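Heads up, the thing below is written out as structure tokens.
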There are 2 protein chains.
Amino acid sequence: MIPAALSDRRPYLRDSEDARRAALVAAVLDLVAEGGVDAATLRAVAARAGVTPGLIRHYFGDKDGLMRAAYGRMMAAMVDPCLAAADAAGVDPVARLAAFLAAALDPAALDGRTVTLWAAYIHRTRHDPALRAAHEAGYLAFRDALEALIAALPACHLPPRVAAIALNALLDGLWLEGGLLPQGFVPGEVQRIALTAAARLLDLPELTELSETEGP
Amino acid sequence: MIPAALSDRRPYLRDSEDARRAALVAAVLDLVAEGGVDAATLRAVAARAGVTPGLIRHYFGDKDGLMRAAYGRMMAAMVDPCLAAADAAGVDPVARLAAFLAAALDPAALDGRTVTLWAAYIHRTRHDPALRAAHEAGYLAFRDALEALIAALPACHLPPRVAAIALNALLDGLWLEGGLLPQGFVPGEVQRIALTAAARLLDLPELTELSETEGP
DNA sequence: GCCTGAATTATACGCGTGTATAATTGAAGG
DNA sequence: CCTTCAATTATACACGCGTATAATTCAGGC
């Protein structure tokens, strides 16, 4: 046996399969957000996850498998908090909608990192059928949730589908602009605009004061 | 002199500097739209433009120079038609706005190719200062034009800045969704939703019939 | 009618990539 | 205690990339 001091072989550390998969996926998302898809080379991913490139092949088969897993994780991280916020807001339809909107444009989600990450994947969704399916599923889940929230509203003069599409587009656009040009808005402005515009689209009384109920 | 039949050297064809730059930039945009940024290698770009990789270096210095030029061209192709449509619509503020909106969501602009192209560049705008400046300039030009159109409107209960941001976000989102999920909408639906939502946001009478004045 | 110089092509280099396969490690079962 | 097998690392390979530089071709000035 070769003494540790003389062997430059990387120490052999075991871990659970779940932990390894999670670490590798997290490394991909970090790298993509920092330097674009190009930065997420297998070697860089492995280094950040503290393992060796071969392990990626062991767990994900090839690079496409890794990227697909990372994309699924990203979509969940974007959509789930909004659904959870609505559910946590109780039963009042207006409060539920306001909570959903506020969560969608939460400063954490508005981070340019997330937008960059999302954009970096978009072009792949057009050519990779698996990614495309994941994209459509996530997008429609979000829009359907929005449509359900709108349908539960007391009075809305627009068909729920139309209102959901328009409101969803408004959220997407604000999320995009807020994430890409953070210094173009004063803090909280993006959320306020979303609530104002949503109120006008849906014939609702002003929603803005609802979001300011988070006192210290 | 070696007979042409024996020389496999590519025929030497001269062209103007403008034509060469335009051909190379067009080749970049085509390739990026088709296969993402990865597909736009210097060799592939040169082949599509009918030249040799060395020419790219001659005209653009390095790959970054090429990509910057292509980005500027893309932004102009997205923004200019909207400005032109508004100017061509005469002096009525409402007609001008409707024309601008319709142009922004024109089927040609709504092509998934354009969205893909745009997304493919986004992550670079976060790290490349020159691209970032180009992005901000194009974005703000668009939004300022929108704000000017809104400010000229007869009555608007929203501050022009807020209305412009919201409407711009709505356009961005619809453009995104329409381009990425074309089969998720019936033809013309995206434009109709944009006009309906804009009318509600701006306290305007319905705008939808304005876009249907294009009879044969 | 040559000669200069820009436009264009050709070739070579070094590097990093994804993939494949072999070598090692350690834990669990008999 | 030994065997077995999955988890992990190490090494090798072939390829395409961006860049650099040298060789060619053509047009215009003298």
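Note: hydrogens, waters and symmetry copies are ignored here, and every other heavy atom, side chains too, is used. Naming: A, B, ... by sequence-line order, numbering from 1 per chain. This structure is a prediction, so every number in the text was calculated from the model and none was measured.
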Separation of [N] [atom2] from [X] [atom1] (nearest whole Å):
X       : N      : atom1 : atom2 : answer
B/His58 : C/dA10 : NE2   : P     : 16 Å
B/Met67 : D/dG18 : CE    : C1'   : 13 Å
A/Lys63 : D/dC15 : NZ    : P     : 19 Å
A/Arg20 : D/dA7  : CZ    : C1'   : 9 Å
B/Arg10 : D/dA23 : CZ    : C1'   : 16 Å
B/Ile56 : D/dT19 : CD1   : P     : 10 Å

Minimum-distance nucleotide to [X] side chain [options: [options]]:
X       : options                : answer
B/Arg14 : D/dT8, D/dC26, D/dG18  : D/dC26
A/Arg9  : D/dA10, C/dG18, C/dT9  : D/dA10
B/Leu55 : C/dT8, C/dT19, D/dG18  : C/dT8
B/Leu42 : C/dT9, D/dT19, C/dA7   : D/dT19
A/Tyr12 : C/dG26, C/dG18, D/dT25 : C/dG26
B/Asp15 : D/dG18, D/dA10, C/dT8  : C/dT8

So, taking the atom named [atom1] in [X] and the one named [atom2] in [Y], what distance separates them when rounded to the nearest 0.5 Å?
X        : Y        : atom1 : atom2 : result
A/Thr125 : A/Ile122 : OG1   : CD1   : 4.5 Å
B/Leu158 : B/Ile150 : CG    : CD1   : 8.5 Å
B/Asp111 : B/Thr116 : CG    : OG1   : 8.0 Å

Touch check for A/Arg43, heavy atoms < 4.0 angstrom, all strands: base, sugar-phosphate only, or nothing? base

Please confirm whether the shortest side-chain N or O distance from B/Thr52 to OP1 or OP2 of C/dT8 is below 4.0 Å. no

C/dA7 phosphate, OP1 or OP2, under 4.0 Å from B/Tyr59 side-chain N/O: no

Do we see a donor-acceptor contact under 3.5 Å between the side chains of A/His135 and A/Tyr71?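 A/His135 vs A/Tyr71: donor-acceptor pair found between side chains.
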
When the nearest nucleotide of DNA chain D is assigned to A/Pro11 and to B/Asp38 on a heavy-atom basis, which residue is associated with the more 5' position? A/Pro11

Taking A/Asp172 first and then A/Arg143, would you say they form a salt bridge - that is, a charged N and a carboxylate O separated by under 4.0 Å?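 A salt bridge is absent here (no side-chain N lies under 4.0 Å from a carboxylate O).
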
